[in-house]
Amino acid sequence: MTLSPLERAVFVLHEVFGFGHPEIAGMLGRTPAAVRQLAARARRHVHARRPRHRTEPDVHAQVTERFAAAALGGDLRALLEVLAPDVTLWTDGGGKGPATSLRPVHGRDRVAALFVSVAATLPDGGLDIRYRRVAGDPCALVFSGDSPLAVVVVDLTPDGDRIAGIYSVTNPDKLTGIRRT
């Protein structure tokens, strides 16, 4: 992996989803100037391919899949096992998606509780998870029928066995370009 959690969030939100720096600043609780600096640093790291710490791609994919199954299943114990104690969750539901936090959520217990409460509101059955790569790492795409429900990217701890950061976009207006295939 080549990016810090904040750099990855800015990179994914700007480069993949096309959000502007002021919008990202609001999502992450940073100033637009700080977001521009994070974006520049992220691009430099991506272009230079200087890993900060490297997790085997298979391990990252397995942790992502364990997280998605636990989060969508509302499995509190499994979530607590896969989340690092100091995990941070950034969400963008835009007031329209299932995400409920306007600010980053910090800590394993709070993040797990939020996912369990969101899982309880999801439609029974009909959810489908697809996995793709974003900035070189696995990304979980959650669909309800043919409609995208969420895009989730996780950042792992240096040892690669737990999740240190979660970036979730559930705003339907920002998911219009996401397709199942």
Side-chain angles (χ1 to χ4, degrees), residues 1 3-20 23-30 35 38 42 60-76 78-84 86-123 127-144 147-157 162-180:
M1 170 166 26
L3 306 176
S4 74
L6 278 175
E7 289 169 345
R8 180 172 303 276
V10 170
F11 185 84
V12 170
L13 291 169
H14 184 69
E15 301 296 327
V16 177
F17 294 109
F19 293 110
E23 248 183 324
I24 296 170
M27 290 179 216
L28 300 180
R30 301 282 195 249
V35 168
L38 286 163
H60 198 148
Q62 290 168 1
V63 173
T64 300
E65 290 172 21
R66 283 181 30 223
F67 166 75
L72 291 175
D75 187 341
L76 180 60
L79 277 170
L80 292 173
E81 288 175 8
V82 76
L83 299 175
D86 59 348
V87 65
T88 300
L89 165 67
W90 291 271
T91 63
D92 178 9
K96 300 175 183 179
T100 58
S101 178
L102 298 176
R103 295 266 182 224
V105 178
H106 303 285
R108 176 177 29 212
D109 293 338
R110 292 181 70 210
V111 169
L114 180 62
F115 275 102
V116 168
S117 69
V118 168
T121 67
L122 295 176
L127 290 182
D128 183 31
I129 304 173
R130 301 292 172 111
Y131 297 97
R132 298 199 184 131
R133 293 208 165 284
V134 171
D137 289 320
C139 166
L141 305 176
V142 182
F143 291 88
S144 178
S147 300
L149 183 65
V151 175
V152 181
V153 177
V154 300
D155 211 7
L156 302 184
T157 57
R162 295 215 175 162
I163 296 172
I166 305 166
Y167 313 97
S168 172
V169 177
T170 59
N171 182 339
D173 296 338
K174 296 177 180 177
L175 299 175
T176 58
I178 305 296
R179 302 285 178 255
R180 287 177 72 111

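Side chains included, hydrogens not; waters and symmetry mates left out as well; all remaining heavy atoms used.
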* To do: Fit a plane to each ring of F115 and F67, take the angle between them on a 0 to 90° scale, and name the class: parallel (under 30°), tilted (30 to 60°) or perpendicular (over 60°).
  => perpendicular
* With respect to V169, which candidate in T91, V152, L13 satisfies the side chain to side chain contact (heavy atoms under 4.5 Å, CB included) definition? -> L13
* To do: Give the minimum heavy-atom separation between V35 and A25, together with the two atoms involved.
  => CG2-CA, 3.6 Å
* To do: Would you please test D155 and T88 for side-chain contact (heavy atoms from CB on, under 4.5 Å) and show each step?
  => CA-CA 10 Å; D155 211 7; T88 300; over 6 Å; no
* Distance in Å, L114 CG paired with I166 CD1, rounded so as to fall on 0.5 Å steps -> 9.0 Å
* Structure fact -> Those residues at least two apart in sequence (or on a different chain) that pass side chain to side chain donor-acceptor pair (under 3.5 Å) with T64 are none
* To do: Apply the test side-chain contact (heavy atoms from CB on, under 4.5 Å) to residues L28 and V10: give CA-CA distance (whole Å), side-chain angles for both, the deciding distance (0.1 Å), then the verdict.
  => CA-CA 9 Å; L28 300 180; V10 170; 3.7 Å; yes
* Contact check, side chains of P148 and L141, non-hydrogen atoms, under 4.5 Å -> no
* Minimal non-hydrogen separation, L89 against V111, with atom names -> CB-CG2, 3.9 Å
* **For G165 against W90, the heavy-atom pair lying closest together** => CA-CZ3, 4.1 Å
* Give the minimum heavy-atom separation between A71 and A119, together with the two atoms involved. => O-CB, 3.2 Å
* Under the side chain to side chain contact (heavy atoms under 4.5 Å, CB included) test, residues paired with E65 that sit two or more places apart -> A61, Y131
* Structure fact -> Sorted by chain and number, sequence neighbours left out, side chain to side chain contact (heavy atoms under 4.5 Å, CB included) with L76 holds for L80, A112, V116
* What residues form a side chain to side chain contact (heavy atoms under 4.5 Å, CB included) with A84, not counting sequence neighbours? -> D86, T157, R162
* To do: Find the distance between CG (L6) and CD1 (I24) and round it off to the nearest 0.5 Å.
  => 11.5 Å
* To do: Give the minimum heavy-atom separation between K174 and D92, together with the two atoms involved.
  => NZ-OD2, 2.7 Å
* Asked: How many angstroms lie between CD1 in I129 and CG in L72, if you round to the nearest 0.5 Å?
  -> 4.5 Å
* To do: Would you please name every residue forming a side chain to side chain contact (heavy atoms under 4.5 Å, CB included) with R66, sequence neighbours left out?
  => V63, V82
* Which heavy-atom pair separates L175 from A150 by the least distance, and what is that distance? -> CD1-N, 3.9 Å
